[in-house]
Structures are given as structure tokens and as C-alpha cells.
There are 2 protein chains.
Amino acid sequence: MGNGMTGKGRVTIREVAERAGVSMATASRALSGNHPVPAATRARVLRAARDLDYVANAHARALVGGGRKMAAVVVRQVTSPFYAQVAEGVEAEAADRGWLCVVGATGGDAQREMEFVQLMREEGARLVILVGGVVEDDAYRERVAHYAHALDSSGARLVLCGRPAPGPDVPALVVEFDNEAGARAITGHLLSAGHRRIAFLGGLPGNTALDARVAGYRAALAEYGLPPEAAYVVDCGLGRAAGLRAMSALLEETREFTAVFAGDDMVAAGVLRAVAEAGLTVPDDISVVGYNDIPLAEDFNPPLTTVRTPAEELGRAAVRIALRDPDSAAGSHHLLGTHIVVRRSVCAPSRSCG
Amino acid sequence: MGNGMTGKGRVTIREVAERAGVSMATASRALSGNHPVPAATRARVLRAARDLDYVANAHARALVGGGRKMAAVVVRQVTSPFYAQVAEGVEAEAADRGWLCVVGATGGDAQREMEFVQLMREEGARLVILVGGVVEDDAYRERVAHYAHALDSSGARLVLCGRPAPGPDVPALVVEFDNEAGARAITGHLLSAGHRRIAFLGGLPGNTALDARVAGYRAALAEYGLPPEAAYVVDCGLGRAAGLRAMSALLEETREFTAVFAGDDMVAAGVLRAVAEAGLTVPDDISVVGYNDIPLAEDFNPPLTTVRTPAEELGRAAVRIALRDPDSAAGSHHLLGTHIVVRRSVCAPSRSCG
DNA sequence: CGACGCTGTGAAAGCGCTTTAACTTCCCTC
DNA sequence: GAGGGAAGTTAAAGCGCTTTCACAGCGTCG
């Protein structure tokens, strides 16, 4: 390497100080910029640091400095396009501020989630972002309330993305998309195309995001003067496999529906597949819409009409909001807008069905 | 919370020790398990820690303990399905060992990559995994050689996944898929189906992964006794947009090809789209194969025949290999196997062409 | 001209933890 | 019954850094 490195042992600030002919205190000030130092002195210190290939020890710094700039984002799995985008947003916004971003994948396991949050407490993360829908039961509420208080007592902030706050007095902040509005809009799109028999596939009772989508779907139906019985919700949960299975079952059972609103794009992928396997065509026989507008949605067959939820923006917003209003932000609730992306999976209800 | 927390200030091991009636040393040993402690004493300490909601300070621990269990994985972008899977594999394997995993996204920018590696040095990461193909030029070689030596001098290991080592004496370890074998196999699949005019779309000269794929493609052609001129490589780079553009251009130009080997599945997505836009059908008019088998490949239209590169396994292998053989592993090169996944985007060359 | 504030600098305290070296018991052996 | 370990425990050193506190030098104002 050709520099003055002392073998394996890391160069410390003391050596930098010695080489620059100043005290450790001055070296520290020049390096960290926490305190003004005359330009000449600073230059000498920086020079010495460069010559020695000095690398600050983040641990020592965090230990004395009390904490460190680190955010953690926790998702079910990194490979889900939606979660990946949110994580990317968090990472980007964190990086913009010089923060470190660590991501944890739980695989949907509450145990691992708890362990990870605990780890983040030990690591001194100042921001923990929990992403993704869950079924809201008592265990969930208790768990999250615990996180919130534990993190709060360590001086860290907790952000919930797309999952509910366990209570009004819990020190956590919620940032999510306006699922009800989005669902209402896309259902309206189907209705205005002439569809009246629209099934919703992908319900997951207790999951607030999906519940809100279902609510929006029902609201849109009501707005069009349809009776509550017109709503048909299949609680098959999320994922491509679930969508495939549920749609196959539905087609087996009845062909009265002219359109399907899939709970998200992966469900829609399964639905499209099921329709194709049944020898039917989208949209001629059945119109399909999804939710989230994942990157590959436009490559579906046919390209999917869906609701765009700018996931990366969600991640960025989470960081921004949490860091903006250090105190007042706690407990607040932020809703992000969405919009419809029209592609080719919807047309007017046709010849073949009701 | 109902426990004995002292407000904001974090509970330290000293308080735990006091409450348990032992010295800090004993408390530390009971908590960390680094040194045997009688069961009765240990129980008292653990009890006190629980009562106080004690959270160890990872920084202090790392400071004195010299380093910490942390791995870093660096990718171009988290939202690419392939990178996401690799990152997930790294995360999983790291989590299995109680290691922390941080991920950095560079957006393909060398500057950001350097900053991130530097940050990891400061943070004391013991394992840095650089994932993803690059164009191998002098700047690249110099950069990576620098990382390798810098990390090595901090006692950390460097793993390159799918990118070449800059030289034989550089302390880095390479783990990647056997791209040449995979490409040879899938080209063979096309050949054995009867295709003789096969174009390769998605070359990126200097990118070793793609170069290897191209080499495999040529080798397969040669094995079937075709002259070198039979190879037709379009260096359009990667990504869906690139595939769409290149394939549209190709179709504009000539229709002599009966099959297309796309550099990866995203390119294949673009190719499929281009074929559809040209009013042609896959596989009846043109057979298409991809590379990587991303999760949505089976939902392409038609479901894509491709090469499965178990990306998550790549991430896991990177961690495992790096951690297995602390010393001997340096400089070694590991090749992971792949296999063909046959779906419906290939059939015998047909009526319409060649 | 002495008191005051300012800037630049350094010695040393201490962040929370692990670990070394030393000490105390207590039990066993010769 | 004295000597030698083993087992259990502790005081204290110190990881690398930031930051207080103190002091020196010096221009400025009353």
C-alpha cells in the first residue's frame, strides 16, 4: 500500500496526533469538526491522518458520543419487491444524511422481530422502522407497545409503516399509504368501466392495510348504489400462490364475476395465471386489477392495471418524518397518496358473462 | 413498563452488578458467558438484568472486545430481484450465527461504493461482500485492490460475488456461479430443440459474468459443429428497457433468428415484450430463454425457460466460505452450480422462420 | 495600565464494557 | 497440620475516542 500503516494494529488518533505534533484533543477536533481549529493546524492533522491511513473507530466514537447515526428497517423479506423498495427508500434517505442503514428480515416471525429490535437497542440504533402489514391481535399490540417504550427509553424513535399503532399513548409514529382511498379509486375504475360483479381476492382480516382496501372496495360499491351483498371478499391472504389457488377455486365455483380486485400485485399474478389455466382471457373474459404496481406489473400478461404505491417514497418519508420533528412527531399519523395506473387488464364486461 | 428502569439513562452493567450483589467483573462474565460462573451466581445476575431491563452496549463491547460480529453486503440496488435474493441469503446466514448484516446500495456508483467500504471499516465490519457484475477496467482493479488491502489490514475479509478478483495476490475471495457452464447448458437446450440461429442479447464487454455467458454460448454452438460466425451477440447491457430496445431493433433488422438467449431474465422480459409488440408469439415464432430464474419468471408470458442461479445460496455461500477457513480461504475461487428450468418459452423452430 | 474576553491548546476524566492479575477461601494431599 | 491447587471472586487497567476544565497568550476596552 505504500503508506505508513503499522501492520495489523489499527492506527489510533493518538498516533495521528503525535505525527501532527498536537494533542489528541486537537486531533479529535480537527478530524471530527466538532470544534473550530485553525486552518493550518487542521491541515497538518488531516495530512497526518491520510499518511497513516487513519480510520476512526466508530465504536469508541459512539461510546463517548452517546449513540450513533444508525437506522434500522425491518421487513418480512427483502425479496418481496414492495419491501425491497421501501428498504431502498430508507437506505437512500439515511445515506443522504450520512446515516448507516441496517436491514433485518423476520420471515414474518414475531420472535425474530423481537430479537432484532433488541439487537438494535444494543447497537444503539436511533430509528427503527417496522414495515409491512400484520394481523393486529393482542399479541401484536403488546409486542409493539413494548418496542415503543423500550426504544423510547433508549432515546430511539419507532416508525410503523403500514401497520397500526397499538394505542394512542404509545410513542410510535405511523406512516402509510391511504389504502382506503386507493382501493376506492381502483374499484371506481372497474365500476365506471361497467362492472357490477367484482370479487375482492386477498383479504386478510386483522391486517389493517388489507382491511382498509376492503373497506375502500365496499365504499366504492356503495357509492355506485350497489347493495352491501354485492361485495364478495375472499380472505385468502397474500402471495402469488394464494391468488392462484383462490382464483382457481372461485372459477370452479362460479363464473358470475366480471372483474377481480386482487389484494396486491402478487395475488394478481396468481389470478392471471389461474384465469389462463382455466382457458379464459384477461381482460376479455375477466378484468383484473392489482395493488402496489410492482416493477414487473407492466410485464404481466396482460400488463396490469393497478394502484401505484410509491414504496420507495414511503421509506424516505418514514425517515424524513421521524427525523424532522424530533418530539412533536411522536404519535402522529401520516397518510401518503396513491394513484391508479391504467394498463390493459381491464375492459368493459363482455359477452361471456353477466 | 412496570420494571425498574431509571428513566432515560440506560442501565449499565454496574447497576446490574450492584443489584445482584457481585462485582462488575462477575456480572460481565455471567452475562456474556465468556467465563464459567456458578449457576447460583449467574442466576442472580440474570435476574437482576431482567428486572432492570438491562441492554448491553454493543459499542462498549466491541471497543474492548476488538471488533464485532458484523457483515456488510454491497449491491447496486436492493430492488433488483437477484440482488435482493443474494442479500437475503447473506442476511440469513449472518443471522444464523448471531451476526448483524448491513446492506449498502451503490446505485452502481464507484464513489458511493468506496464511501461505503470506508464506513464499514470504521464500523468494524469483519466481512464485506461486494455483489454484482461490473465492467472490469483498470479503475475497478485498483479500487478493489485498495479495498482488499485496507480491509485486510483491519482484519476484515473481502468477498467478491460475481465479480473478478483484481489479481492473484490480492486478499479477496471470489464466490460466483459457473456462468459459462450455465450458458452452455441452456444454449444446448435450444440447440437440441433444433434451433441453429440463436442470438444472444445482453452482452456487456468487460463484465465477467456476461462475458462468461457469452463464452458458454459460443462453446455450445461450437460443440454442435456450428461455425463461429453463427454466434450473434448484441451488447446492449442489462435491464428490461435494454432488452426491449435491442429486441425491437433486431426484429426491425432481420427475422432470421429462431431463438434468443437473453443475458438475464429482466432482459428476457423486455425481449418478450418486444416480440409481443411486433405481433409475434413466443415460442411459436421465436423461442426465448433467460438467465437467473427470478421469482416472477414463471409468470412471464409465456413462462420463461431459464437458468436457475440460486441467488440466496450464493449469499449464504459467501458468508459460509469466508467464515469457514479464516486463513486458507483468502484468494480462493469458488464456483457454484446452476441448472436449467424448463418452462414454456421454447419449442422447436417453426414454420415462420429459418 | 490592569481587567476582561477571546482564541488555541492540552491534560485528564470518563463513556460501558471485558479481561488480567491478584486475592481469598476451601479442600485435598503427603 | 503445613503446602499446593482449584474455584470463585474482585479491583483495576484500558479499549479509542470526545469533551470538559484549565491555562496560556494576546488584543481590547474602560
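Naming: A, B, ... by sequence-line order, numbering from 1 per chain.
Remark: B:Glu123 does not engage A:Arg61 in a salt bridge, criterion side-chain N to carboxylate O under 4.0 Å.
Counting to the nearest Å, the P atom of C:dG16 and the CZ atom of A:Arg68 are 16 Å from each other. In this structure, the CD atom of A:Glu15 is 9 Å from the P atom of D:dG16, given to the nearest Å. Distance A:Ile13 CD1 to D:dC17 C1': 6 Å, rounded to the nearest Å. In this structure, the NE2 atom of B:His59 is 14 Å from the P atom of C:dT18, given to the nearest Å.
The residue A:Ala56 sits close only to the backbone: its heavy atoms come under 4.0 Å of sugar-phosphate atoms, none of a base.
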**Study point:** Test side-chain contact (heavy atoms from CB on, under 4.5 Å) applied to A:Leu31 and A:Val45, step by step
**Key:** CA-CA 7 Å; A:Leu31 256 11; A:Val45 173; 3.9 Å; yes

Practice item. For the pair A:Val78 and A:Val103, evaluate side-chain contact (heavy atoms from CB on, under 4.5 Å) and give the outcome as yes or no after the intermediate values. Key: CA-CA 8 Å; A:Val78 194; A:Val103 354; 4.2 Å; yes

Point to revise | Trace of the side-chain contact (heavy atoms from CB on, under 4.5 Å) decision for B:Leu160 with B:Val144 | key: CA-CA 9 Å; B:Leu160 304 171; B:Val144 172; 4.1 Å; yes

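Scored by the side chain to side chain donor-acceptor pair (under 3.5 Å) test, A:Asp96 finds A:Arg316 as partners (sequence neighbours excluded).
Side-chain contact annotation: A:Glu113 with A:Tyr147, donor-acceptor N/O pair under 3.5 Å present.
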Polar-atom pairs under 3.5 Å, protein N or O versus N or O of nucleotides 6-15 of chain C: list them with distances, or write none.
| residue | atom | partner | partner atom | Å |
| --- | --- | --- | --- | --- |
| C:dT9 | OP1 | A:Thr41 | OG1 | 3.4 |
| C:dT9 | OP2 | A:Thr41 | OG1 | 3.3 |
| C:dG10 | OP2 | A:Ser23 | N | 2.8 |
| C:dG10 | OP2 | A:Ser23 | OG | 3.0 |
| C:dG10 | OP2 | A:Thr26 | OG1 | 2.8 |
| C:dG10 | N7 | A:Arg29 | NH2 | 2.9 |
| C:dG10 | O6 | A:Arg29 | NH2 | 3.1 |

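A distance of 13.0 Å separates CD in B:Glu93 from CD in B:Glu88, rounded to the nearest 0.5 Å.
Remark: B:Glu142 CD is loosely packed, at most 12 non-hydrogen atoms of other residues, nucleotides or ligands lying under 6.0 Å away.
Each end of the helix from C:dC1-D:dG30 to C:dC30-D:dG1 gets its own rotation axis from five pairs of C1' atoms, and the angle between them is 50° to the nearest 10 degrees.
For A:Arg61, a side-chain nitrogen or oxygen approaches OP1 or OP2 of D:dT18 to under 4.0 Å.
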